[in-house]
Amino acid sequence: MATEFHRGVTPSADGDPGRGLGGPAAVEVRGLSRSFGDRRVIDNLDLTIRPGEFVALLGASGCGKSTLLRILGDLDPDFEGEVTLPRKRAIAFQAPRLMPWKRVWHNVVLGLPGRPDRARAGRALAEVGIGHRADVWPKVLSGGEAQRAALARALVREPDLLLLDEPFAALDALTRIKAQGLVAELWERHGCAVLLVTHDVEEAILLADRVLVMKDGVIAHEHAVDLPRPRDVADPRVARARGVLLDWLGVRHEIRHGAEA
Amino acid sequence: MSVTESPGTYVPPAPARRAAPAGRVRLVPAHARGRGLPRWLRRTSGPVALVALWHIASVTGVLPAEVLAGPATVVSSAARLIATGELQQAIVVSLGRAMAGLALGGTVGVLLALASGLTRLGEDLVDAPMQMLRTVPNVALIPLLIIWFGIGEAPKIALIALATAFPLYLNVYAGIRGVDQTLIEAGRTLGLGRAGLVRHVVLPGALPNALVGLRYSLGIAWLALVFGEQINATAGVGYLMANAREFFQTDVIVVCLVVYAILGLAVDMVVRTLERIFLAWRPSFTGA
(Lines give C-alpha, C1' and ligand atoms only; values in the text may rest on other atoms or scores of the structure.)
Protein backbone atom coordinates (compact mmCIF):
# COMPACT_ATOMS: atom_id res chain seq x y z
CA MET A 1 0.00 0.00 0.00
CA ALA A 2 1.81 3.10 -1.21
CA THR A 3 1.35 6.37 0.60
CA GLU A 4 0.97 9.38 -1.67
CA PHE A 5 1.58 12.96 -0.75
CA HIS A 6 1.95 14.80 -3.99
CA ARG A 7 -1.67 15.81 -4.02
CA GLY A 8 -1.26 17.75 -0.84
CA VAL A 9 -3.04 17.43 2.44
CA THR A 10 -6.25 19.22 3.30
CA PRO A 11 -5.32 21.79 5.91
CA SER A 12 -7.27 21.66 9.09
CA ALA A 13 -9.66 24.60 9.25
CA ASP A 14 -9.13 25.86 12.76
CA GLY A 15 -5.61 25.18 13.85
CA ASP A 16 -3.74 22.05 14.77
CA PRO A 17 -4.83 19.49 17.29
CA GLY A 18 -1.30 19.24 18.59
CA ARG A 19 -0.87 15.48 18.44
CA GLY A 20 0.89 13.32 15.93
CA LEU A 21 2.42 16.15 13.98
CA GLY A 22 4.76 15.26 11.18
CA GLY A 23 5.30 11.89 9.57
CA PRO A 24 3.10 10.41 6.87
CA ALA A 25 -0.64 10.78 7.30
CA ALA A 26 -2.47 7.78 8.71
CA VAL A 27 -5.43 8.19 6.40
CA GLU A 28 -5.41 9.90 3.02
CA VAL A 29 -8.67 10.04 1.13
CA ARG A 30 -8.86 11.94 -2.17
CA GLY A 31 -11.89 12.40 -4.38
CA LEU A 32 -13.81 9.56 -2.79
CA SER A 33 -17.25 8.81 -4.20
CA ARG A 34 -19.70 6.03 -3.58
CA SER A 35 -23.12 5.60 -5.15
CA PHE A 36 -25.95 3.25 -4.37
CA GLY A 37 -27.93 3.15 -7.59
CA ASP A 38 -28.61 6.77 -8.53
CA ARG A 39 -27.94 8.07 -5.06
CA ARG A 40 -24.47 9.48 -4.54
CA VAL A 41 -23.91 8.90 -0.84
CA ILE A 42 -20.31 10.10 -0.84
CA ASP A 43 -19.49 12.77 -3.36
CA ASN A 44 -15.86 13.65 -4.03
CA LEU A 45 -14.79 13.59 -0.39
CA ASP A 46 -11.33 14.45 0.92
CA LEU A 47 -10.09 13.43 4.34
CA THR A 48 -6.76 13.34 6.08
CA ILE A 49 -6.09 11.87 9.50
CA ARG A 50 -2.67 12.24 11.07
CA PRO A 51 -1.04 9.40 12.98
CA GLY A 52 -2.34 9.32 16.51
CA GLU A 53 -5.08 11.82 15.81
CA PHE A 54 -8.56 11.26 17.25
CA VAL A 55 -11.16 12.34 14.71
CA ALA A 56 -14.89 12.21 15.29
CA LEU A 57 -17.28 12.13 12.37
CA LEU A 58 -20.74 13.53 12.98
CA GLY A 59 -23.70 13.56 10.68
CA ALA A 60 -27.39 12.91 10.43
CA SER A 61 -28.61 9.40 9.67
CA GLY A 62 -28.01 8.48 6.07
CA CYS A 63 -25.40 11.17 5.45
CA GLY A 64 -22.85 8.58 4.40
CA LYS A 65 -20.66 8.49 7.48
CA SER A 66 -21.06 4.76 8.03
CA THR A 67 -20.46 4.18 4.33
CA LEU A 68 -17.21 6.11 4.64
CA LEU A 69 -16.19 4.01 7.61
CA ARG A 70 -17.03 0.79 5.80
CA ILE A 71 -14.86 1.87 2.87
CA LEU A 72 -11.98 2.65 5.24
CA GLY A 73 -12.52 -0.75 6.85
CA ASP A 74 -12.16 -2.41 3.44
CA LEU A 75 -15.68 -3.75 3.71
CA ASP A 76 -16.98 -1.90 0.67
CA PRO A 77 -14.80 -2.14 -2.42
CA ASP A 78 -17.23 -0.40 -4.79
CA PHE A 79 -15.92 3.13 -4.42
CA GLU A 80 -14.19 5.58 -6.69
CA GLY A 81 -11.25 7.70 -5.68
CA GLU A 82 -8.02 7.25 -3.86
CA VAL A 83 -7.73 5.82 -0.35
CA THR A 84 -4.49 5.24 1.48
CA LEU A 85 -4.54 3.59 4.90
CA PRO A 86 -2.24 1.95 7.42
CA ARG A 87 -1.97 -1.78 6.95
CA LYS A 88 -2.83 -2.41 10.58
CA ARG A 89 -6.42 -1.40 11.12
CA ALA A 90 -9.13 -2.56 13.46
CA ILE A 91 -12.85 -1.91 13.67
CA ALA A 92 -15.32 -1.93 16.51
CA PHE A 93 -18.91 -1.91 15.31
CA GLN A 94 -22.09 -0.72 16.91
CA ALA A 95 -22.95 -4.32 17.74
CA PRO A 96 -20.04 -6.14 19.37
CA ARG A 97 -20.14 -8.88 16.69
CA LEU A 98 -18.43 -11.43 18.87
CA MET A 99 -18.55 -14.98 17.52
CA PRO A 100 -21.07 -16.57 19.87
CA TRP A 101 -19.42 -19.99 19.49
CA LYS A 102 -16.05 -18.87 20.77
CA ARG A 103 -15.13 -18.11 24.35
CA VAL A 104 -14.50 -14.44 24.98
CA TRP A 105 -10.71 -14.79 25.05
CA HIS A 106 -10.77 -16.77 21.83
CA ASN A 107 -12.78 -14.01 20.19
CA VAL A 108 -10.16 -11.50 21.19
CA VAL A 109 -7.26 -13.25 19.46
CA LEU A 110 -9.27 -14.60 16.52
CA GLY A 111 -7.51 -13.89 13.26
CA LEU A 112 -4.12 -13.21 14.81
CA PRO A 113 -1.31 -15.24 13.27
CA GLY A 114 -0.03 -18.25 15.15
CA ARG A 115 -1.69 -20.31 17.82
CA PRO A 116 -4.41 -18.60 19.90
CA ASP A 117 -2.52 -16.94 22.72
CA ARG A 118 -4.55 -17.13 25.90
CA ALA A 119 -2.18 -14.90 27.87
CA ARG A 120 -2.22 -12.17 25.25
CA ALA A 121 -6.02 -12.23 25.15
CA GLY A 122 -6.10 -12.11 28.93
CA ARG A 123 -3.93 -9.01 29.00
CA ALA A 124 -6.09 -7.27 26.39
CA LEU A 125 -9.25 -8.12 28.31
CA ALA A 126 -7.71 -6.97 31.59
CA GLU A 127 -6.87 -3.67 29.93
CA VAL A 128 -10.53 -3.02 29.18
CA GLY A 129 -11.51 -4.17 32.66
CA ILE A 130 -13.05 -7.56 31.95
CA GLY A 131 -10.11 -9.88 32.54
CA HIS A 132 -12.34 -12.05 34.73
CA ARG A 133 -14.70 -12.73 31.82
CA ALA A 134 -12.11 -14.34 29.54
CA ASP A 135 -13.49 -17.88 29.75
CA VAL A 136 -17.23 -17.33 29.41
CA TRP A 137 -19.40 -17.53 26.32
CA PRO A 138 -20.26 -14.15 24.79
CA LYS A 139 -23.95 -14.80 25.51
CA VAL A 140 -23.47 -14.19 29.23
CA LEU A 141 -21.76 -10.82 28.79
CA SER A 142 -23.74 -7.66 29.45
CA GLY A 143 -23.97 -5.12 26.63
CA GLY A 144 -21.18 -3.02 28.10
CA GLU A 145 -18.93 -6.02 28.68
CA ALA A 146 -19.47 -7.27 25.14
CA GLN A 147 -18.54 -3.87 23.75
CA ARG A 148 -15.42 -3.87 25.93
CA ALA A 149 -14.52 -7.30 24.59
CA ALA A 150 -14.93 -5.93 21.07
CA LEU A 151 -12.59 -3.06 21.95
CA ALA A 152 -10.05 -5.53 23.36
CA ARG A 153 -10.32 -7.53 20.15
CA ALA A 154 -9.61 -4.41 18.12
CA LEU A 155 -6.72 -3.16 20.26
CA VAL A 156 -4.96 -6.48 20.64
CA ARG A 157 -4.08 -6.10 16.96
CA GLU A 158 -2.09 -2.95 17.87
CA PRO A 159 -3.66 -1.02 15.02
CA ASP A 160 -2.33 2.23 13.60
CA LEU A 161 -5.89 3.15 12.77
CA LEU A 162 -8.89 2.29 14.91
CA LEU A 163 -12.30 2.68 13.29
CA LEU A 164 -15.22 2.99 15.68
CA ASP A 165 -18.70 2.79 14.19
CA GLU A 166 -21.07 4.20 16.82
CA PRO A 167 -19.67 1.76 19.35
CA PHE A 168 -21.61 3.24 22.26
CA ALA A 169 -24.95 3.81 20.55
CA ALA A 170 -26.52 0.63 21.89
CA LEU A 171 -25.34 1.13 25.46
CA ASP A 172 -27.37 2.66 28.25
CA ALA A 173 -26.44 6.18 29.33
CA LEU A 174 -24.36 5.21 32.36
CA THR A 175 -22.48 2.42 30.61
CA ARG A 176 -21.86 4.79 27.72
CA ILE A 177 -20.14 7.35 29.91
CA LYS A 178 -17.84 4.68 31.31
CA ALA A 179 -17.10 3.28 27.86
CA GLN A 180 -16.25 6.75 26.55
CA GLY A 181 -13.82 7.25 29.41
CA LEU A 182 -12.28 3.89 28.62
CA VAL A 183 -11.82 4.74 24.95
CA ALA A 184 -10.14 8.05 25.86
CA GLU A 185 -7.79 6.21 28.17
CA LEU A 186 -7.00 3.44 25.70
CA TRP A 187 -6.33 5.96 22.95
CA GLU A 188 -3.88 7.88 25.13
CA ARG A 189 -2.05 4.65 25.88
CA HIS A 190 -2.01 3.13 22.40
CA GLY A 191 -1.56 6.31 20.43
CA CYS A 192 -3.29 5.00 17.34
CA ALA A 193 -5.25 7.22 14.98
CA VAL A 194 -8.99 6.93 15.66
CA LEU A 195 -11.95 7.66 13.47
CA LEU A 196 -15.10 7.64 15.58
CA VAL A 197 -18.41 7.74 13.77
CA THR A 198 -21.13 8.94 16.10
CA HIS A 199 -24.48 10.68 16.43
CA ASP A 200 -23.58 12.10 19.77
CA VAL A 201 -22.19 15.64 19.56
CA GLU A 202 -21.09 15.70 23.19
CA GLU A 203 -19.25 12.41 22.82
CA ALA A 204 -17.43 13.78 19.78
CA ILE A 205 -16.33 16.92 21.63
CA LEU A 206 -15.26 15.04 24.75
CA LEU A 207 -13.10 12.55 22.86
CA ALA A 208 -11.81 14.02 19.62
CA ASP A 209 -9.01 16.32 18.53
CA ARG A 210 -11.06 17.26 15.53
CA VAL A 211 -14.76 16.92 14.84
CA LEU A 212 -15.96 16.62 11.26
CA VAL A 213 -19.52 17.20 10.19
CA MET A 214 -20.59 15.22 7.17
CA LYS A 215 -23.40 16.48 4.99
CA ASP A 216 -24.49 15.67 1.45
CA GLY A 217 -21.63 13.28 0.92
CA VAL A 218 -18.77 15.61 1.86
CA ILE A 219 -17.10 16.97 4.97
CA ALA A 220 -19.15 20.14 5.40
CA HIS A 221 -17.43 21.45 8.48
CA GLU A 222 -14.34 20.84 10.50
CA HIS A 223 -13.99 21.85 14.11
CA ALA A 224 -10.75 21.53 16.05
CA VAL A 225 -11.37 20.85 19.72
CA ASP A 226 -8.51 22.60 21.44
CA LEU A 227 -9.35 21.73 25.02
CA PRO A 228 -7.24 20.00 27.66
CA ARG A 229 -8.15 16.43 28.59
CA PRO A 230 -9.98 15.06 30.41
CA ARG A 231 -12.83 17.24 29.27
CA ASP A 232 -15.95 18.03 31.18
CA VAL A 233 -19.44 18.29 29.74
CA ALA A 234 -20.07 21.17 32.12
CA ASP A 235 -17.18 23.17 30.64
CA PRO A 236 -18.69 26.23 28.88
CA ARG A 237 -16.23 25.76 26.03
CA VAL A 238 -17.63 22.29 25.44
CA ALA A 239 -21.12 23.73 25.46
CA ARG A 240 -20.10 26.40 22.97
CA ALA A 241 -18.55 23.83 20.63
CA ARG A 242 -21.71 21.80 20.98
CA GLY A 243 -23.82 24.76 19.92
CA VAL A 244 -21.70 25.39 16.85
CA LEU A 245 -21.78 21.76 15.80
CA LEU A 246 -25.51 21.43 16.36
CA ASP A 247 -25.95 24.42 14.09
CA TRP A 248 -23.96 22.67 11.42
CA LEU A 249 -26.04 19.59 11.89
CA GLY A 250 -29.14 21.67 11.27
CA VAL A 251 -30.53 21.43 14.76
CA ARG A 252 -32.14 24.63 16.01
CA HIS A 253 -30.66 26.71 18.82
CA GLU A 254 -33.40 26.21 21.36
CA ILE A 255 -32.32 22.62 21.87
CA ARG A 256 -28.95 23.50 23.30
CA HIS A 257 -28.80 24.34 26.93
CA GLY A 258 -26.45 26.73 28.63
CA ALA A 259 -24.56 27.74 25.51
CA GLU A 260 -24.39 31.42 24.74
CA ALA A 261 -24.61 32.35 21.10
CA MET B 1 -51.42 -3.96 43.61
CA SER B 2 -49.79 -6.18 46.13
CA VAL B 3 -47.56 -8.90 44.80
CA THR B 4 -46.87 -11.84 47.03
CA GLU B 5 -43.56 -13.32 46.05
CA SER B 6 -40.99 -14.02 48.69
CA PRO B 7 -40.07 -17.63 47.90
CA GLY B 8 -38.56 -18.30 51.30
CA THR B 9 -41.47 -17.37 53.45
CA TYR B 10 -44.36 -17.82 51.10
CA VAL B 11 -47.23 -19.94 52.36
CA PRO B 12 -49.54 -21.29 49.66
CA PRO B 13 -52.94 -19.70 49.89
CA ALA B 14 -55.74 -21.65 51.48
CA PRO B 15 -58.35 -23.01 49.03
CA ALA B 16 -60.69 -20.19 49.85
CA ARG B 17 -58.28 -17.46 48.90
CA ARG B 18 -58.29 -14.22 50.75
CA ALA B 19 -60.18 -11.97 48.38
CA ALA B 20 -58.14 -9.11 47.03
CA PRO B 21 -59.59 -5.70 47.75
CA ALA B 22 -61.97 -4.47 45.09
CA GLY B 23 -60.30 -3.42 41.87
CA ARG B 24 -57.02 -5.15 42.65
CA VAL B 25 -55.61 -8.59 42.06
CA ARG B 26 -53.12 -10.56 44.06
CA LEU B 27 -50.36 -12.10 41.92
CA VAL B 28 -49.17 -15.52 42.98
CA PRO B 29 -45.63 -16.66 42.11
CA ALA B 30 -45.38 -19.52 39.63
CA HIS B 31 -43.97 -22.03 42.11
CA ALA B 32 -47.01 -21.63 44.32
CA ARG B 33 -49.53 -21.99 41.53
CA GLY B 34 -49.12 -25.73 40.78
CA ARG B 35 -51.82 -27.53 42.61
CA GLY B 36 -51.98 -31.20 43.49
CA LEU B 37 -49.82 -33.72 41.61
CA PRO B 38 -46.28 -33.00 40.51
CA ARG B 39 -45.89 -32.46 36.81
CA TRP B 40 -44.03 -35.70 35.93
CA LEU B 41 -46.76 -37.73 37.62
CA ARG B 42 -49.45 -35.93 35.66
CA ARG B 43 -47.50 -36.44 32.43
CA THR B 44 -47.05 -40.18 32.98
CA SER B 45 -50.63 -40.74 34.05
CA GLY B 46 -51.88 -40.43 30.45
CA PRO B 47 -49.83 -43.29 28.96
CA VAL B 48 -50.38 -45.41 32.08
CA ALA B 49 -54.15 -44.95 31.81
CA LEU B 50 -53.99 -45.92 28.14
CA VAL B 51 -52.12 -49.16 28.92
CA ALA B 52 -54.55 -49.90 31.74
CA LEU B 53 -57.48 -49.42 29.38
CA TRP B 54 -55.80 -51.66 26.81
CA HIS B 55 -55.24 -54.32 29.49
CA ILE B 56 -58.85 -54.21 30.65
CA ALA B 57 -60.11 -54.40 27.06
CA SER B 58 -57.92 -57.48 26.48
CA VAL B 59 -58.81 -59.47 29.60
CA THR B 60 -62.52 -58.76 29.19
CA GLY B 61 -62.36 -59.94 25.58
CA VAL B 62 -63.46 -56.63 24.09
CA LEU B 63 -60.12 -56.58 22.24
CA PRO B 64 -59.45 -60.09 20.81
CA ALA B 65 -55.83 -61.28 20.70
CA GLU B 66 -56.01 -61.68 16.87
CA VAL B 67 -56.65 -57.96 16.58
CA LEU B 68 -54.23 -56.78 19.24
CA ALA B 69 -52.54 -58.82 21.96
CA GLY B 70 -52.87 -57.47 25.49
CA PRO B 71 -50.05 -55.79 27.36
CA ALA B 72 -49.42 -58.83 29.52
CA THR B 73 -48.93 -61.04 26.44
CA VAL B 74 -46.71 -58.42 24.86
CA VAL B 75 -44.49 -58.25 27.92
CA SER B 76 -44.17 -62.02 28.14
CA SER B 77 -43.44 -62.25 24.39
CA ALA B 78 -40.76 -59.62 24.79
CA ALA B 79 -39.27 -61.61 27.66
CA ARG B 80 -39.32 -64.77 25.55
CA LEU B 81 -37.70 -63.03 22.55
CA ILE B 82 -35.03 -61.60 24.80
CA ALA B 83 -34.42 -64.97 26.47
CA THR B 84 -33.86 -66.66 23.10
CA GLY B 85 -31.65 -63.78 22.02
CA GLU B 86 -33.78 -63.18 18.90
CA LEU B 87 -34.71 -59.64 19.84
CA GLN B 88 -31.18 -58.49 20.65
CA GLN B 89 -29.88 -59.99 17.42
CA ALA B 90 -32.63 -58.28 15.43
CA ILE B 91 -31.92 -54.95 17.09
CA VAL B 92 -28.21 -55.21 16.37
CA VAL B 93 -28.89 -55.97 12.72
CA SER B 94 -31.42 -53.16 12.33
CA LEU B 95 -29.31 -50.64 14.18
CA GLY B 96 -26.34 -51.60 12.02
CA ARG B 97 -28.35 -51.00 8.86
CA ALA B 98 -29.68 -47.67 10.06
CA MET B 99 -26.24 -46.45 11.09
CA ALA B 100 -24.54 -47.68 7.92
CA GLY B 101 -27.18 -45.97 5.78
CA LEU B 102 -26.98 -42.80 7.83
CA ALA B 103 -23.20 -42.74 7.70
CA LEU B 104 -23.25 -43.10 3.95
CA GLY B 105 -26.16 -40.75 3.25
CA GLY B 106 -25.09 -38.26 5.88
CA THR B 107 -21.57 -38.04 4.52
CA VAL B 108 -22.82 -37.53 0.98
CA GLY B 109 -25.43 -34.98 2.13
CA VAL B 110 -22.95 -32.98 4.18
CA LEU B 111 -20.29 -33.03 1.46
CA LEU B 112 -22.76 -31.86 -1.17
CA ALA B 113 -24.03 -29.15 1.19
CA LEU B 114 -20.47 -27.95 1.78
CA ALA B 115 -19.85 -27.88 -1.95
CA SER B 116 -22.97 -25.90 -2.75
CA GLY B 117 -22.91 -23.81 0.40
CA LEU B 118 -19.32 -22.69 0.14
CA THR B 119 -18.79 -22.33 -3.60
CA ARG B 120 -20.80 -20.65 -6.33
CA LEU B 121 -19.86 -23.43 -8.77
CA GLY B 122 -21.01 -26.10 -6.34
CA GLU B 123 -24.29 -24.30 -5.80
CA ASP B 124 -24.95 -24.10 -9.53
CA LEU B 125 -24.11 -27.74 -10.10
CA VAL B 126 -25.55 -29.37 -6.99
CA ASP B 127 -28.41 -27.35 -5.58
CA ALA B 128 -30.96 -27.53 -8.40
CA PRO B 129 -30.79 -31.33 -8.79
CA MET B 130 -30.92 -31.80 -5.01
CA GLN B 131 -33.95 -29.55 -4.68
CA MET B 132 -35.62 -31.51 -7.47
CA LEU B 133 -34.77 -34.97 -6.16
CA ARG B 134 -35.79 -34.24 -2.60
CA THR B 135 -39.43 -34.08 -3.62
CA VAL B 136 -39.38 -37.66 -4.92
CA PRO B 137 -40.77 -39.97 -2.22
CA ASN B 138 -37.89 -42.28 -1.26
CA VAL B 139 -40.15 -45.26 -0.89
CA ALA B 140 -41.05 -44.95 -4.56
CA LEU B 141 -37.44 -45.78 -5.33
CA ILE B 142 -37.63 -49.24 -3.76
CA PRO B 143 -38.43 -51.08 -7.04
CA LEU B 144 -35.52 -49.36 -8.75
CA LEU B 145 -33.19 -50.09 -5.82
CA ILE B 146 -34.13 -53.77 -5.94
CA ILE B 147 -33.36 -53.88 -9.66
CA TRP B 148 -30.02 -52.16 -9.09
CA PHE B 149 -28.90 -53.81 -5.88
CA GLY B 150 -30.84 -57.07 -5.67
CA ILE B 151 -32.53 -58.11 -2.46
CA GLY B 152 -29.61 -58.33 -0.04
CA GLU B 153 -28.35 -55.68 2.38
CA ALA B 154 -27.44 -53.21 -0.36
CA PRO B 155 -30.91 -51.91 -1.31
CA LYS B 156 -31.87 -51.49 2.36
CA ILE B 157 -28.79 -49.44 3.14
CA ALA B 158 -29.13 -47.53 -0.13
CA LEU B 159 -32.71 -46.62 0.73
CA ILE B 160 -31.68 -45.33 4.15
CA ALA B 161 -28.72 -43.47 2.66
CA LEU B 162 -30.93 -41.80 0.08
CA ALA B 163 -33.53 -40.85 2.65
CA THR B 164 -31.04 -39.39 5.13
CA ALA B 165 -28.90 -37.47 2.64
CA PHE B 166 -31.58 -34.88 1.90
CA PRO B 167 -32.43 -33.52 5.36
CA LEU B 168 -28.74 -33.13 6.12
CA TYR B 169 -28.07 -31.54 2.75
CA LEU B 170 -30.92 -29.05 3.07
CA ASN B 171 -30.19 -28.05 6.64
CA VAL B 172 -26.41 -27.79 6.35
CA TYR B 173 -26.79 -25.79 3.13
CA ALA B 174 -29.36 -23.48 4.73
CA GLY B 175 -27.13 -23.19 7.80
CA ILE B 176 -24.11 -22.18 5.75
CA ARG B 177 -26.09 -19.67 3.74
CA GLY B 178 -27.82 -18.33 6.82
CA VAL B 179 -24.69 -17.45 8.75
CA ASP B 180 -24.90 -13.92 10.09
CA GLN B 181 -23.32 -11.65 7.48
CA THR B 182 -22.24 -9.16 10.12
CA LEU B 183 -20.13 -11.87 11.74
CA ILE B 184 -18.54 -12.74 8.41
CA GLU B 185 -17.73 -9.05 7.98
CA ALA B 186 -16.30 -8.92 11.47
CA GLY B 187 -14.19 -11.98 10.68
CA ARG B 188 -12.86 -10.27 7.58
CA THR B 189 -11.88 -7.16 9.51
CA LEU B 190 -10.01 -9.42 11.94
CA GLY B 191 -7.88 -10.59 9.06
CA LEU B 192 -9.40 -14.02 8.50
CA GLY B 193 -8.90 -15.37 5.00
CA ARG B 194 -11.35 -17.56 3.17
CA ALA B 195 -10.27 -20.75 4.89
CA GLY B 196 -10.26 -19.01 8.27
CA LEU B 197 -13.75 -17.63 7.69
CA VAL B 198 -15.05 -21.08 6.79
CA ARG B 199 -13.43 -22.67 9.80
CA HIS B 200 -14.08 -20.03 12.45
CA VAL B 201 -17.30 -18.41 11.29
CA VAL B 202 -19.24 -20.31 8.63
CA LEU B 203 -19.04 -23.87 9.90
CA PRO B 204 -19.65 -23.11 13.59
CA GLY B 205 -22.50 -20.87 12.51
CA ALA B 206 -24.02 -23.68 10.45
CA LEU B 207 -23.71 -26.23 13.24
CA PRO B 208 -27.12 -25.62 14.86
CA ASN B 209 -28.81 -26.24 11.52
CA ALA B 210 -26.61 -29.26 10.87
CA LEU B 211 -27.80 -30.82 14.12
CA VAL B 212 -31.41 -30.12 13.19
CA GLY B 213 -30.66 -31.92 9.93
CA LEU B 214 -29.13 -34.81 11.83
CA ARG B 215 -32.24 -35.11 13.95
CA TYR B 216 -34.46 -35.21 10.86
CA SER B 217 -32.15 -37.69 9.21
CA LEU B 218 -32.23 -40.02 12.18
CA GLY B 219 -36.02 -39.93 12.23
CA ILE B 220 -36.17 -40.66 8.52
CA ALA B 221 -33.52 -43.38 8.81
CA TRP B 222 -35.92 -45.24 11.07
CA LEU B 223 -38.81 -44.80 8.67
CA ALA B 224 -36.68 -45.98 5.75
CA LEU B 225 -35.49 -48.91 7.85
CA VAL B 226 -39.06 -50.09 8.42
CA PHE B 227 -39.74 -49.95 4.69
CA GLY B 228 -36.38 -51.42 3.76
CA GLU B 229 -36.76 -54.37 6.08
CA GLN B 230 -39.96 -55.35 4.35
CA ILE B 231 -37.81 -56.20 1.31
CA ASN B 232 -37.11 -59.86 1.72
CA ALA B 233 -35.22 -59.51 4.99
CA THR B 234 -33.76 -62.52 6.78
CA ALA B 235 -32.80 -60.69 9.94
CA GLY B 236 -33.62 -57.53 11.80
CA VAL B 237 -36.62 -56.06 13.55
CA GLY B 238 -38.51 -55.77 10.24
CA TYR B 239 -37.92 -59.46 9.59
CA LEU B 240 -39.28 -60.33 13.06
CA MET B 241 -42.33 -58.27 12.23
CA ALA B 242 -42.88 -59.79 8.80
CA ASN B 243 -42.57 -63.25 10.33
CA ALA B 244 -45.03 -62.40 13.06
CA ARG B 245 -47.48 -61.15 10.45
CA GLU B 246 -47.41 -64.56 8.75
CA PHE B 247 -48.51 -66.22 11.99
CA PHE B 248 -50.86 -63.46 13.24
CA GLN B 249 -48.61 -62.90 16.27
CA THR B 250 -49.87 -59.44 17.15
CA ASP B 251 -47.91 -59.58 20.41
CA VAL B 252 -44.59 -59.85 18.55
CA ILE B 253 -45.63 -57.06 16.19
CA VAL B 254 -46.33 -54.81 19.16
CA VAL B 255 -42.97 -55.74 20.69
CA CYS B 256 -41.28 -54.70 17.44
CA LEU B 257 -43.21 -51.42 17.36
CA VAL B 258 -42.10 -50.71 20.91
CA VAL B 259 -38.53 -51.50 19.94
CA TYR B 260 -38.70 -49.05 17.04
CA ALA B 261 -40.08 -46.42 19.38
CA ILE B 262 -37.37 -46.98 21.98
CA LEU B 263 -34.61 -46.93 19.37
CA GLY B 264 -36.04 -43.68 18.00
CA LEU B 265 -36.02 -42.17 21.48
CA ALA B 266 -32.49 -43.40 22.08
CA VAL B 267 -31.05 -41.73 18.97
CA ASP B 268 -32.94 -38.56 19.81
CA MET B 269 -31.17 -38.60 23.15
CA VAL B 270 -27.87 -38.95 21.33
CA VAL B 271 -28.62 -35.83 19.30
CA ARG B 272 -29.66 -33.96 22.44
CA THR B 273 -26.36 -34.89 24.02
CA LEU B 274 -24.50 -33.66 20.95
CA GLU B 275 -26.42 -30.39 21.14
CA ARG B 276 -25.58 -30.05 24.80
CA ILE B 277 -21.90 -30.46 24.02
CA PHE B 278 -21.62 -28.46 20.82
CA LEU B 279 -24.27 -25.77 21.20
CA ALA B 280 -23.63 -24.68 24.77
CA TRP B 281 -22.74 -21.23 23.41
CA ARG B 282 -26.22 -20.60 22.02
CA PRO B 283 -28.15 -17.79 23.68
CA SER B 284 -31.36 -19.76 23.23
CA PHE B 285 -29.87 -22.96 24.65
CA THR B 286 -31.74 -23.85 27.79
CA GLY B 287 -31.40 -27.63 28.19
CA ALA B 288 -28.78 -28.19 30.82
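The sequence lines fix the lettering, A, B, ..., with proteins before strands; numbering per chain opens at 1. In what follows, every heavy atom counts, from backbone to side chain, and hydrogens, waters and symmetry copies are set aside.
With a 4.5 Å cut-off on non-hydrogen atoms, Leu98(A) touches chain B through its backbone but not through its side chain. For Arg70(A), the part sitting under 4.5 Å from any heavy atom of chain B is the side chain, from C-beta outward, and nothing else.
Under the 4.5 Å side-chain criterion, counting only non-hydrogen atoms from C-beta, Phe93(A) is in contact with Thr189(B). Side-chain contact between His200(B) and Lys102(A) is present, with at least one heavy-atom pair separated by less than 4.5 Å.
Open room surrounds CZ on Arg199(B); 12 or fewer heavy atoms of other groups in view lie less than 6.0 Å from it. Heavy atoms of other residues, nucleotides or ligands lying less than 6.0 angstrom from CZ of Arg189(A) number more than 12.
Formation of a donor-acceptor pair under 3.5 Å by the Arg97(A) side chain with backbone atoms of Leu183(B) is not found in this model. Arg188(B) places no side-chain N or O within donor-acceptor distance of the main-chain N or O of Leu75(A), the cut-off being under 3.5 Å.
Put simply, of Pro113(A), Pro100(A), Gly111(A), Ala154(A), the one with the most heavy-atom pairs under 4.5 Å next to chain B is Pro100(A).
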Between Val201(B) and Trp101(A), does the side-chain contact (heavy atoms from CB on, under 4.5 Å) criterion hold? Intermediate values first, please.
CA-CA 9 Å; Val201(B) 186; Trp101(A) 43 81; 4.0 Å; yes

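Scanning all heavy atoms of the two residues, the minimum distance from Ala186(B) to Met99(A) falls at CB-CE, 4.4 Å. When all heavy atoms of Lys139(A) and Ala280(B) are compared, the pair lying nearest together is NZ-O, 2.8 Å.
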